[in-house]
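All values below were derived from every heavy atom in this structure, side-chain atoms included, with hydrogens, water molecules and symmetry-related copies excluded. Lettering of chains follows the sequences in order, A, B, ..., and the numbering in each one begins at 1. Model, not experiment: these values are computed from the prediction.
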Amino acid sequence: MTPTVRTRIAPSPTGAPHVGTAYMALFNLAFARKHGGQMVLRIEDTDRQRSSPQSEQAILDALQWLGIEWDEGPDCGGNHGPYRQSERLEFHQAEVNRLVNQGDAYLCFCTTERLEQVRKEQMANKETPRYDGHCLNLSTEEIEKKKEQGDPYVVRMKVPTEGECVFTDELRGEVRIDWKQIDHQVIQKSDGYPTYHLANVVDDHRMEISHVIRGEEWISSTPKHVLLYQQLGWDAPSFAHLPLLRNPDKSKLSKRKNPTGIFYYRDAGFLPEAMLNYLGMMGYTLPDQREIFSLDELSESFEIKRMSLGGPIFDLAKLKWLNGRYLREKLDSDEVVNRLVDWKANKEKFAQVLELALPRLETFSDFFPLAHHMFEECPIYSTEDLIGKQEAQFVTRLLKIAEWELEKIKDWKRDALAELFQHMAKVEEMKLKDLLRPFFFAISGSAVSLPLFDSVALLGPDLSRVRLRNALHKLSETGASLSKKGLKSLEKEYRSAYGNRID
RNA sequence: GUCCCGUUCGUCUAGUCAGGUCAGGACACCGGGUUUUCAUCCCGGCAACAGGGGUUCGAAUCCCCUACGGGACGCCA
């Protein structure tokens with residue numbers, strides 16, 4: 001009798017739900033289903049600064065939209081809860097204490113400033129930046145004294161000084177990494193929350209996860225996890241590291257270069273099953289090479305060894321082709337109508353848009369021409385219109401700044417957007433009207449249009465971002481793009497006028 | 001910089017584990033056909049084993065080196 005297969009997907013609720021999360025979830029699910037096991041959804045919200053309940057809800061909604069189902073999770077419970085790491089602190093802290101008592105971990109009182117300094121020096125000497133062991137041998141008295149003084153501290157894991165860590169990756173075979181490469185990783189932060197590495201190991205163990213299927217980005221830190229399992233006296237699960245989805249330039253898929261938000265695809269009018277199918281063919285082919293398959297079909301025949309290891313480039317063109325086939329071959333016309341209505345051709349959506357359009361209507365015929373940009377992926381307009389009477393370079397600058405400023409918006413609402421553009425007009429010493437002109441084209445494709453802030457608010461961050469990027473792309477074709485140098489100086493200028501960028 | 005992972009048409013990939021068919025399919029692109037237009041659909045075309053060395057009668061496949069790409073090196077995950 002083989003032990004139950006249990007996989008997990010462990011997203012961090014920071015920002016918009018990412019297609020990478022769905023990608024990993026898909027294969028975790030397929031693997032669990034294939035082996036008659038379960039998949040757990042665990043929310044990794046140990047970063048108190050960046051985690052938010054809204055983001056958590058968005059992740060659940062996004063995965064559900066795609067048709068990804070989990071057997072245990074924060075919404076549906078299960079026998080291994082709670083499923084939010086922030087609610088499992090006692091488990092984490094107990095193990096941290098155990099490690100400290102065992103001598104496998106130690107308290108570190110170094111300040112962020114000191115650590116930065118050390119790191120800087122090491123970089124300058126072309127060494128691998130690592131903790132220098134400053135607090136490794138503090139005496140019990142020193143520790144007690146510092147604690148009494150209320151000095152903040154973290155807990156670090158002790159790592160062997162020689163030898164190498166050998167572990168098996170189910171897809172790549174044996175991986176060997178020198179312990180010398182591994183830093184004395186912080187496992188508990190000064191706020192008492194565990195870091196990923198600790199929480200991950202403790203929770204995977206307690207949740208009886210048998211197979212850790214995750215992104216390739218984790219290979220280099222797997223030794224830390226292997227070591228923690230050893231020190232805690234637990235059997236490690238199997239590891240399989242999947243390739244990372246890539247941008248067309250082969251870098252790790254990022255929202256700067258691609259729509260990475262799951263909701264983008266929903267809002268742009270893709271079918272969830274086509275999306276899931278497409279993700280399934282990234283790095284994987286069914287044994288019979290079928291290109292159109294459902295989640296069930298994938299799960300039935302899934303063999304993780306068939307994963308290819310080169311990072312696949314996310315290709316919108318092929319996704320669109322696939323979506324078209326679903327529309328024509330997988331759904332009957334009645335279903336297509338229903339889906340279209342559910343998408344945006346419904347009363348709620350029309351009501352939202354009509355509120356903006358009504359003052360501008362004489363007849364119903366005016367509605368759709370005025371509101372087309374609310375129902376398309378990206379409007380069409382000429383680059384001349386976009387530039388208008390301004391300098392192309394200057395328009396590029398405005399769009400770029402707006403792109404950065406938009407990243408700072410937490411609550412994507414009309415008022416926040418209005419404030420943003422008003423602030424921008426002030427800083428740029430422009431009339432709001434002049435500032436907004438290119439944005440009207442970028443967002444709605446026309447200067448005769450619905451109110452901009454409301455349109456952007458309704459479109460949401462994903463669709464809006466792509467439209468700005470599309471405008472920038474059009475400008476770059478006129479030669480008005482920023483050189484690397486120009487971009488750098490703009491960034492500098494931006495930082496002094498608007499504050500730091502957020503990614 | 002150090003370490004790790006990877007590399008078949010522009011893109012997704014089959015073939016690699018058990019060496020032996022013109023390296024197969026799909027997207028994109030190009031051409032042709034059907035269609036009052038367009039799209040769909042059908043037919044055809046273009047196009048790849050990163051490079052070098054080995055092992056072998058024979059290498060995309062096994063081994064080594066190089067190159068290139070990616071990732072990691074946070075009190076983020």
Rounded P spacing from B:rC62 to B:rA18 in Å: 9 Å

Contact under 4.0 Å: A:Lys224 side-chain N or O vs B:rC73 OP1/OP2: no

Positive for side-chain hydrogen bond (donor to acceptor under 3.5 Å, both in side chains) with A:His80, one of A:Arg6, A:Gln38, A:Arg8: A:Arg6

Does A:Lys474 qualify as a cation-pi partner of A:Tyr381, given the criterion of NZ or CZ under 6.0 Å from the six-membered ring centre and within 45 degrees of its axis? yes

Which residue pairs pass the ring pair (Phe, Tyr, Trp, His ring centres under 6.0 Å) test when at least one of the two sits in residues 287-307 of chain A, sequence neighbours left out? A:Phe27-A:Phe302, A:Tyr284-A:Phe302

Parallel, tilted or perpendicular, as decided by the 30° and 60° cut-offs, for the rings of A:His205 and A:Trp234: parallel

Contacts under 3.5 Å, N or O only, protein and nucleotides 8-14 of chain B:
from	atom 1	to	atom 2	distance (Å)
B:rC12	OP1	A:Ile313	N	2.9
B:rC12	O2'	A:Met281	O	2.9
B:rC12	O2	A:Lys318	NZ	3.4
B:rU13	OP1	A:Gly283	N	2.2
B:rU13	O3'	A:Thr285	OG1	3.3
B:rA14	OP1	A:Thr285	OG1	3.3
B:rA14	O2'	A:Gln289	NE2	3.4

Is it the case that the ring center of A:Tyr265 lies less than 6.0 angstrom away from the ring center of A:Phe314? yes

Identify all pairs in which a protein N or O lies below 3.5 Å from an N or O of nucleotides 39-46 of chain B, and state each distance.
from	atom 1	to	atom 2	distance (Å)
B:rU40	O3'	A:Arg328	NH1	3.4

Between B:rA47 and B:rG70, how far apart are the two P atoms, rounded to whole Å? 28 Å

Protein and nucleotides 62-64 of chain B: nitrogen or oxygen contacts under 3.5 angstrom:
none

In whole Å, measure the gap between the C1' atoms of B:rG31 and B:rG69 for me. 35 Å

Pairs under 3.5 Å (N/O, protein and nucleotides 74-76 of chain B):
from	atom 1	to	atom 2	distance (Å)
B:rC75	O2	A:Ser190	N	2.9
B:rC75	O2	A:Ser190	OG	2.8
B:rC75	N3	A:Ser190	OG	3.2
B:rC75	N4	A:Cys110	O	3.3
B:rC76	OP2	A:Lys189	NZ	2.7
B:rC76	O2'	A:Asp47	OD2	2.9
B:rC76	O2'	A:Arg50	NH2	2.9
B:rC76	O2	A:Arg50	NH2	3.1

Selected nucleotide, minimal atom distance to A:Glu217 side chain, candidates B:rC3, B:rA72, B:rC5: B:rA72

Return the 5'-most residue of the pair A:Asp45, A:Val175 with respect to RNA chain B, ranking by each residue's nearest nucleotide. A:Val175

All salt bridge (charged side-chain N to carboxylate O under 4.0 Å, His left out) counterparts of A:Glu116, not counting sequence neighbours: none

